[in-house]
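Input: a single structure, listed below in structure tokens.
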Amino acid sequence: MDSPVRKSLGLSRQMRDTIAMEIADRVKRHQSTIARLKSAHAAMTTAGTPIVAPLVMLAQGDSWFDYPLDGNSLTLSDTDIIAQLLGMGTINPVIANISHYGEASTDEMSLPKQQRMIQLLQDPSNWLQGKPDAILFSAGGNDVVGDQFCIFLDSAASSTTGLDSQRFEEALGMVEASYRDLFEFRDRYAPGVPIFGHCYDFPLPTGVHPDCVGPWLKPSLDYAGWNAVQGTAICRQALVDFKALLTKLATDAANLFILVDTQGVLAPADWANELHPYPAGFKILAEKFVDALRVIFPGRI
């Protein structure tokens, strides 16, 4: 009889295999789309018809790019920012999405994930012009939220601020390392391709969560002795600090990094749970990406 440890290891391997198969299926469908576009463009060139190609992009991220729920309920299709982007714009973009919910920035830039991106970037069947027009990146939230959120909190009995600035800054240091590694990775394997990232929005630590996962914030705040009003302010400050980090990275022109400002965009009614909006909220966030992309690629989206 298998021991509980063996069963757990088996389930972990099964989960990894399932994720890999899901992403491989996405890539296969993406390649089919690219093949159709190449065929159509060849026919248009032969006919002398002007071609305006859609943006072809690579997306790597967390649940804001890969959310397989409708609010807190099961659904047959994703509702995240990438899912919304695919149906937006004058010319709808084409996106190779290798994101997966629950991943921290260090997961997204781990060796296996970098190797996966290298394979995608070096395969010409994924791109119209040899490489993506842009890379979309969603990272940083899972480095902090969840059961580990309590690490970054001071006790309400001994503090008036809640967020321990030194410990949180050290956590952001790992996020910064991931972003900087992405910039170096891009320079090596997709030089000149701009990266678009975002800064999430101010969460509501209500404890609301889907049955399958969470909550991510309220348990730690309760544990540290902070009430709902104080907890909301603490979470807001954490996101302000996170945005400051990404703003610093975006101001360095060498990074070719465009920060899509998504803070202060969602209304309380747009949030389905502590960390994720309803589909309409994701669409509002996707519109911010469209605005940013149009600045860099006028007429392409």
Side-chain angles (χ1 to χ4, degrees), residues 26-27 30 33-34 37 51-62 64-66 80-99 103 105 108-109 113-114 116-124 126-141 175-201 242-263 265 282 285-301:
R26 288 187 209 160
V27 171
H30 170 77
T33 300
I34 294 296
L37 284 171
I51 299 172
V52 180
L55 288 179
V56 180
M57 298 180 283
L58 170 65
Q60 170 68 301
D62 50 26
W64 274 41
F65 280 7
D66 177 41
D80 49 74
I81 289 174
I82 301 302
Q84 301 295 333
L85 274 176
L86 292 173
M88 298 177 68
T90 304
I91 304 175
N92 294 334
V94 178
I95 304 172
N97 186 13
I98 59 171
S99 308
E103 292 191 343
S105 67
E108 295 175 38
M109 294 307 298
K113 304 303 170 56
Q114 291 200 31
R116 176 184 288 160
M117 286 194 287
I118 292 170
Q119 288 180 328
L120 282 168
L121 290 169
Q122 294 182 339
D123 186 344
N126 289 315
W127 319 111
L128 289 178
Q129 303 295 333
K131 60 184 179 180
D133 294 299
I135 296 172
L136 309 179
F137 196 56
S138 177
V175 176
E176 180 175 0
S178 296
Y179 275 83
R180 291 194 180 279
D181 192 46
L182 175 64
F183 302 152
E184 183 177 333
F185 174 92
R186 180 272 321 280
D187 292 343
R188 183 180 305 170
Y189 296 103
V193 173
I195 295 170
F196 292 76
H198 69 91
C199 47
Y200 302 98
D201 203 350
F242 177 72
K243 179 182 174 180
L245 165 63
L246 296 192
T247 299
K248 178 185 71 173
L249 295 175
T251 55
D252 185 346
N255 291 335
L256 279 175
F257 176 57
I258 296 93
L259 174 59
V260 181
D261 189 356
T262 52
Q263 289 190 4
V265 170
F282 273 128
L285 296 165
E287 288 169 350
K288 293 294 182 181
F289 273 84
V290 170
D291 292 342
L293 288 164
R294 280 178 174 154
V295 171
I296 306 299
F297 303 103
R300 296 282 304 282
I301 188 171

Leu249 backbone acceptor or donor facing Tyr179 side chain under 3.5 Å: no

Side-chain donor/acceptor of Arg186 to backbone N/O of Asn255, under 3.5 Å: yes

Glu176 side chain to Leu245 backbone, donor-acceptor under 3.5 Å: no

Polar side chain donor-acceptor pair, Ser138 to Asp62, under 3.5 angstrom: yes

Lys113 (side chain) donor-acceptor with Ile98 (main chain) under 3.5 angstrom: no

Glu184/Arg180 under salt bridge (Lys or Arg N to Asp or Glu O under 4.0 Å): CA gap, chis, key distance, verdict: CA-CA 6 Å; Glu184 183 177 333; Arg180 291 194 180 279; over 6 Å; no

N/O donor-acceptor pair under 3.5 Å between Arg26 side chain and Ser99 backbone: yes

is_close_aromatic(Phe257, Phe183), centroid dist under 6.0 Å: yes

Heavy-atom donor-acceptor pair, His30 side chain to Asn126 backbone, under 3.5 Å: yes

Over 12 foreign heavy atoms within 6.0 Å of NZ, Lys288: no

Mutual orientation of the aromatic rings belonging to His198 and Tyr200 [parallel < 30°, tilted 30-60°, perpendicular > 60°]: perpendicular

Exam field: side chain Gln263 to backbone Cys199, donor-acceptor pair closer than 3.5 Å: yes

Considering all heavy atoms, the nearest Val193-Ala134 contact: CG1-CA, 3.5 Å

